Amino acid sequence: MTGPEQVPQVSLRGVSAGYARTVVLSQLDLDIPPLTVTAVMGPNGSGKSTLLGLLAGVIPATSGTVVHRTGVRPAFVVQRSAVTDALPLTAREAVAMGRWGRLGPFRRPSSEDRRAVESSMERLDVADLAERQLGELSGGQRQRVLVAQGLAQGADLLLLDEPAGALDNSARETITRILDEVAAEGVTVVQATHDITAARRAGHCLLLDGGRVVAAGPPPEILEGTERERLPQPFARR
Ligand code: ADP
Ligand code: MG
């Protein structure tokens, strides 16, 4: 461990977590490498969303230790839901919510806040949609607005729960490319995904099953190497 690029963004040791009556993650040991994209994969119910919630700090660890490299609050783009789809907000208002955690006592956005909102919208190519209601947007547009909201937070850890779920290939490809760029600019990105193409392009890959890490490492090893027979469907297929 020498340079900052070798200190994990987040380190989990012996971490268990879950919900009131359910233990979901048990005894996890894992590191999230900094300044790259980590793809979290695994079948439905394997604990991907719970792990992201834990990394975001919204789900507490019931045992073990969670160490973050910095004290900056992570940005968390939750899984797309009926709730986010129905929010009575314009796209710009939704992106501006990403700045709420930083607003001062009078909750008035500064010029820096406004700049972060506009540049995040441009980044995700949704500036043209700024005045439109979220509910009027296509799935791909709305998803890009939610990613822009996460980006606008200016966090050094960006967590996304299936950001390209239910999108077509071209919209998916756009989001993958933007996340690559964001990581290259110095943000650690963790995304839960079922998209094998996105996972292949990631810098690191975690494979969950039954709330445990069954494989972790560079995507070529995890996705195509000797671990292949351990991959749940549809990952084992090509
Ligand atoms: P994934 O994102 O991989 O589909 P989740 O983390 O959402 O997996 O779920 C892991 C397990 O936790 C599942 O068994 C699920 O039923 C359970 N679970 C998820 N959310 C809750 C909750 N709010 N309360 C109780 N159990 C939950
Ligand atoms: Mg999930």
Side-chain angles (χ1 to χ4, degrees), residues 8-33 36-68 74-84 143 146-147 150 157-167 172 175-176 179 188-238:
Q9 183 76 30
V10 192
S11 258
L12 270 51
R13 292 293 175 271
V15 169
S16 299
Y19 305 91
R21 270 177 292 275
T22 338
V23 177
V24 175
L25 305 175
S26 35
Q27 295 292 318
L28 292 196
D29 292 312
L30 63 88
D31 291 326
I32 303 295
T36 188
V37 177
T38 292
V40 179
M41 300 204 305
N44 290 335
S46 59
K48 301 181 297 296
S49 296
T50 306
L51 175 61
L52 288 175
L54 178 81
L55 296 172
V58 300
I59 293 174
T62 50
S63 67
T65 58
V66 180
V67 177
H68 284 256
F76 188 16
V77 179
V78 295
Q79 202 157 0
R80 190 184 150 199
S81 67
V83 178
T84 50
Q143 200 58 35
L146 294 179
V147 174
L157 174 58
L158 177 59
L159 307 163
L160 309 103
D161 201 349
E162 299 189 29
L167 300 188
R172 209 183 267 177
I175 289 189
T176 303
L179 295 179
T188 302
V189 176
V190 182
Q191 67 157 334
T193 183
H194 288 289
D195 178 3
I196 192 90
T197 311
R200 279 213 184 91
R201 278 171 51 174
H204 188 68
C205 188
L206 291 173
L207 184 62
L208 300 186
D209 201 8
R212 292 173 186 277
V213 177
V214 294
E221 280 174 29
I222 302 307
L223 301 172
E224 275 136 328
T226 54
E227 311 282 356
R228 190 139 144 208
E229 63 281 4
R230 287 209 268 157
L231 296 179
Q233 301 296 332
F235 301 114
R237 280 190 250 117
R238 282 261 245 163

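Every value quoted in this text rests on a predicted model; they were computed, and no experiment measured them.
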Side chain proximity check, [X] to [Y], heavy atoms < 4.5 angstrom:
{"X": "Leu25", "Y": "Ser16", "answer": "no"}
{"X": "Glu221", "Y": "Cys205", "answer": "no"}
{"X": "Val77", "Y": "Pro163", "answer": "no"}
{"X": "Val37", "Y": "Val190", "answer": "no"}
{"X": "Val213", "Y": "Leu208", "answer": "yes"}
{"X": "Val15", "Y": "Val66", "answer": "yes"}
{"X": "Leu52", "Y": "Gln79", "answer": "no"}

Checklist line | side-chain contact (heavy atoms from CB on, under 4.5 Å) partner of Leu206, chosen from Thr38, Val214, Ile222 | finding: Thr38
Check: Val24 and side-chain contact (heavy atoms from CB on, under 4.5 Å): which partner among Thr50, Leu54, Ile59, Leu51?
Finding: Thr50
Heavy-atom closest contact ([X] atom, [Y] atom, distance):
{"X": "Ala75", "Y": "Gly150", "value": "CB-O, 3.4 Å"}
{"X": "Leu159", "Y": "Pro74", "value": "CD1-CB, 3.9 Å"}
{"X": "Pro219", "Y": "Ala202", "value": "CG-O, 3.0 Å"}
{"X": "Pro60", "Y": "Ala17", "value": "O-CB, 3.6 Å"}
{"X": "Ser63", "Y": "Gln27", "value": "OG-NE2, 4.2 Å"}
{"X": "Glu162", "Y": "Gln143", "value": "O-NE2, 4.2 Å"}

Mind checking the [atom1]-[atom2] spacing from [X] to [Y]? Nearest 0.5 Å is all I need.
{"X": "Leu207", "Y": "Lys48", "atom1": "CG", "atom2": "NZ", "result": "9.5 Å"}
{"X": "Gln9", "Y": "Leu158", "atom1": "CD", "atom2": "CG", "result": "11.0 Å"}
{"X": "Arg201", "Y": "Asp195", "atom1": "CZ", "atom2": "CG", "result": "9.0 Å"}
{"X": "Leu146", "Y": "Phe76", "atom1": "CG", "atom2": "CZ", "result": "12.0 Å"}
{"X": "Leu28", "Y": "Arg212", "atom1": "CG", "atom2": "CZ", "result": "8.5 Å"}
{"X": "Thr36", "Y": "His204", "atom1": "OG1", "atom2": "NE2", "result": "9.0 Å"}

Next item on the list: Give the intermediate values and the outcome of side chain to side chain contact (heavy atoms under 4.5 Å, CB included) for residues Ser11 and His68.
Entry: CA-CA 7 Å; Ser11 258; His68 284 256; over 6 Å; no
Margin query: Please evaluate residues Val23 and Thr62 with respect to the criterion side chain to side chain contact (heavy atoms under 4.5 Å, CB included), reporting the C-alpha separation (whole Å), side-chain torsions for both, the decisive distance (0.1 Å), and the verdict.
Written below: CA-CA 9 Å; Val23 177; Thr62 50; 5.8 Å; no
Notebook entry, point to check: Strictly by modelled atom types, are Ser49 and Asp161 linked by a side-chain donor-acceptor pair under 3.5 Å?
Noted result: yes
Check: Got a donor-acceptor contact below 3.5 angstrom from the Thr22 side chain to the Tyr19 backbone?
Finding: no
Check: Is Arg13 paired with Asp31 through a side-chain N to carboxylate O contact shorter than 4.0 Å?
Finding: yes
Checklist line | From CA spacing to verdict: side chain to side chain contact (heavy atoms under 4.5 Å, CB included), Met41, Leu223 | finding: CA-CA 10 Å; Met41 300 204 305; Leu223 301 172; 3.2 Å; yes
Notebook entry, point to check: Where do Val40 and Thr193 land on the side chain to side chain contact (heavy atoms under 4.5 Å, CB included) test, with the steps shown first?
Noted result: CA-CA 6 Å; Val40 179; Thr193 183; over 6 Å; no
